[in-house]
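Single-structure report; data block below.
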Amino acid sequence: MAAIGTDLNRFILEEERRYPNATGSLSLALTALETAAKIIASHVRMAGLADILGMAGRTNIQGEEVQKLDVLSNEIMVQHLSDSGYFYALASEELEEPVFPEKGKDGKYIIAFDPLDGSSNIDVNVNIGTIFSIHRKTHGGVEDFFQQGDRQVAAGYIVYGSSTMLVYSTGAGVNGFTLDPSVGLFLLSHPGMRLPERGKTYSLNESNYPGWEEGLRRYVDHLKEEGYTSRYIGSMVADVHRTLIKGGIFCYPSDHKNREGKLRLLYEASPMAFLVEQAGGMATTGKEEILKVRPKALHQRVPVFLGSRREIEELLRFL
Ligand code: AHM
Ligand code: MG
């Protein structure tokens with residue numbers, strides 16, 4: 001296992017050496033992502049000072065308010081990933097249709113991302129993040145994005161918190177890197193992340209309780225009786241990050257208002273499910289494994305339950 005403090009670039013290259021047939025293009029693709037993340041992190045840090053907070057005055061394709069930092073983060077991601085030449089296609093929460101970059105014609109990968117998740121938290125200085133999911137290019141059209149989550153070649157997130165962390169997996173476990181702002185390097189801080197078998201925390205928006213199905217209501221009542229504590233930030237990246245480290249369960253279920261839940265399959269649920277499973281946990285829609293869901297649309301929503309094995313197994317008995 002790599003030593004604590006190993007620089008992300010060296011780590012990526014060392015991981016690649018374990019695959020004799022690797023051409024290095026995934027490593028370089030990840031490096032392009034790392035650069036975009038650093039630039040977004042610096043904008044997030046300066047948000048209050050630079051007065052770029054506040055509404056951009058338009059709504060995104062899901063009819064939600066878009067804030068300026070979302071727009072900026074999306075532009076940074078699109079520009080850097082397009083210019084890298086490693087991605088044949090890009091899909092973003094902020095874009096109705098995928099982008100097929102001119103320079104990516106020979107790119108082997110496609111990437112779906114949420115450039116700035118938890119944007120309602122920007123104005124109150126609470127953690128936000130970027131989520132990404134990488135698949136191989138297959139046919140070369142929008143259908144390439146409709147591959148199951150278990151075919152991801154890499155997935156991860158960047159959390160802009162008290163420090164900036166990048167957490168990712170290429171299918172051989174999960175590793176977390178903390179940005180050292182003094183030198184601008186992501187350094188290995190959380191090698192081989194594993195969820196505890198069981199946690200003590202549940203995380204979901206409990207104001208939706210009246211709209212949940214009966215089984216879920218009984219499950220949450222049961223957690224309270226069992227002495228669980230509740231933590232909900234309202235930024236998926238931050239709530240999942242805590243769940244990865246401390247265990248327990250994170251949910252965004254369907255309810256009377258949101259029949260399919262709220263979170264998006266391709267760039268929220270699926271990459272987080274990949275990480276959680278790589279870290280020894282489980283992720284389900286309540287009916288099937290998230291990684292087995294066959295996507296039908298770019299911005300499809302899906303109910304999400306993920307976390308420690310014991311909690312998810314118990315939840316499934318209630319549903
Ligand atoms: P966003 O991608 O528009 O920021 O929305 C997604 C966010 C998630 O980060 C979070 O888990 C959820 O929406 C919070 O929703 P709610 O405010 O309904 O609890
Ligand atoms: Mg989001």
Side-chain angles (χ1 to χ4, degrees), residues 1-41 77 80-90 101 103-113 129-138 144 147-159 163-195 240-241 244-245 267 270-281 291:
M1 195 181 273
I4 298 272
T6 302
D7 161 43
L8 175 60
N9 287 303
R10 217 181 87 209
F11 184 91
I12 291 172
L13 291 174
E14 277 173 19
E15 254 206 333
E16 179 197 306
R17 273 197 214 114
R18 291 199 273 129
Y19 302 94
N21 298 327
T23 59
S25 60
L26 180 62
S27 300
L28 293 163
L30 288 169
T31 311
L33 200 74
E34 179 200 348
T35 308
K38 282 182 195 167
I39 298 171
I40 297 173
M77 290 289 278
H80 278 265
L81 302 180
S82 298
D83 283 352
S84 75
Y86 300 114
F87 295 103
Y88 183 80
L90 278 58
K103 288 191 183 160
K105 283 208 168 72
D106 299 321
K108 284 199 206 156
Y109 301 101
I110 59 161
I111 182 166
F113 53 85
T130 300
I131 314 173
F132 63 91
S133 160
I134 302 177
H135 279 90
R136 281 200 180 79
K137 172 195 165 197
T138 53
D144 284 16
Q147 300 179 56
Q148 285 177 199
D150 56 7
R151 303 194 58 182
Q152 286 171 100
V153 292
Y157 60 81
I158 298 97
V159 58
S163 56
T164 298
M165 268 193 79
L166 187 151
V167 174
Y168 84 105
S169 174
T170 54
V174 181
N175 292 284
F177 299 79
T178 303
L179 184 64
D180 178 343
S182 63
V183 287
L185 295 175
F186 277 108
L187 304 176
L188 182 63
S189 52
H190 294 63
M193 292 170 80
R194 301 290 297 171
L195 273 99
V240 171
H241 185 61
L244 263 177
I245 292 174
Y267 41 81
S270 180
M272 292 310 202
F274 187 78
L275 291 170
V276 164
E277 293 208 357
Q278 282 293 319
L291 295 182

Of all heavy-atom pairs between [X] and [Y], which one has the smallest distance, and what is that distance?
{"X": "Met193", "Y": "Ala279", "value": "O-CB, 3.4 Å"}
{"X": "Pro271", "Y": "Phe132", "value": "CB-O, 3.3 Å"}
{"X": "Gln278", "Y": "Gly171", "value": "OE1-C, 3.2 Å"}
{"X": "Val276", "Y": "Leu195", "value": "O-CD1, 3.8 Å"}
{"X": "Leu291", "Y": "Ala273", "value": "CD2-CB, 3.8 Å"}
{"X": "Ile110", "Y": "Arg136", "value": "CG1-O, 4.1 Å"}

Any sub-3.5 Å donor-acceptor pair from Gln152's side-chain atoms to Ser270's backbone N or O? yes
Hey, is the main chain of Ile12 close enough, under 3.5 Å, to the side chain of Glu15 for a donor-acceptor pair?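 Side chain of Glu15 to backbone of Ile12: no pair is present.
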Asp150 side chain reached by Glu277 side chain, heavy atoms, under 4.5 Å: no
Would you say Thr170 and Glu16 make side-chain contact, with heavy atoms under 4.5 Å?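 No, their side chains stay 4.5 Å or more apart.
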What do the steps show when you test Tyr168 against Ile134 for side-chain contact (heavy atoms from CB on, under 4.5 Å), and what is the final call? CA-CA 11 Å; Tyr168 84 105; Ile134 302 177; over 6 Å; no
Please identify each residue that fulfils ring pair (Phe, Tyr, Trp, His ring centres under 6.0 Å) with His135, with sequence neighbours left out.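 None.
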Please round to the nearest 0.5 Å and tell me the distance separating atom [atom1] of [X] and atom [atom2] of [Y].
{"X": "Leu33", "Y": "Leu28", "atom1": "CG", "atom2": "CG", "result": "12.5 Å"}
{"X": "Lys103", "Y": "Leu81", "atom1": "NZ", "atom2": "CG", "result": "12.5 Å"}
{"X": "Ile40", "Y": "Ile158", "atom1": "CD1", "atom2": "CD1", "result": "7.0 Å"}
{"X": "Thr130", "Y": "Tyr157", "atom1": "OG1", "atom2": "OH", "result": "12.5 Å"}
{"X": "Thr35", "Y": "Lys38", "atom1": "OG1", "atom2": "NZ", "result": "6.0 Å"}
{"X": "Leu187", "Y": "Arg10", "atom1": "CG", "atom2": "CZ", "result": "10.5 Å"}

Please report the C-alpha distance between His190 and Val167 in whole Å, then the side-chain angles of each, then the deciding distance to 0.1 Å, and finally whether the side-chain contact (heavy atoms from CB on, under 4.5 Å) criterion is met. CA-CA 9 Å; His190 294 63; Val167 174; over 6 Å; no
Residues two or more places apart in sequence or in another chain: which of them pass side-chain contact (heavy atoms from CB on, under 4.5 Å) with Ser84?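 Ala32, Tyr86, Phe87.
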Of the options Thr6, Thr178, Asn175, which is the one that meets Ser189 in a side chain to side chain donor-acceptor pair (under 3.5 Å)? Thr178
Show the numbers, then the answer: is there a side-chain contact (heavy atoms from CB on, under 4.5 Å) between Val240 and Ile131? CA-CA 11 Å; Val240 171; Ile131 314 173; over 6 Å; no
List for me each residue that meets side chain to side chain donor-acceptor pair (under 3.5 Å) alongside Thr164, sequence neighbours excluded, and say none if there are none. Arg45
Checking Phe113 against Ile111 for the side-chain contact (heavy atoms from CB on, under 4.5 Å) test, could you report, in this order, the C-alpha distance in whole Å, the side-chain angles of both residues, the deciding distance, and whether it holds? CA-CA 7 Å; Phe113 53 85; Ile111 182 166; 4.2 Å; yes
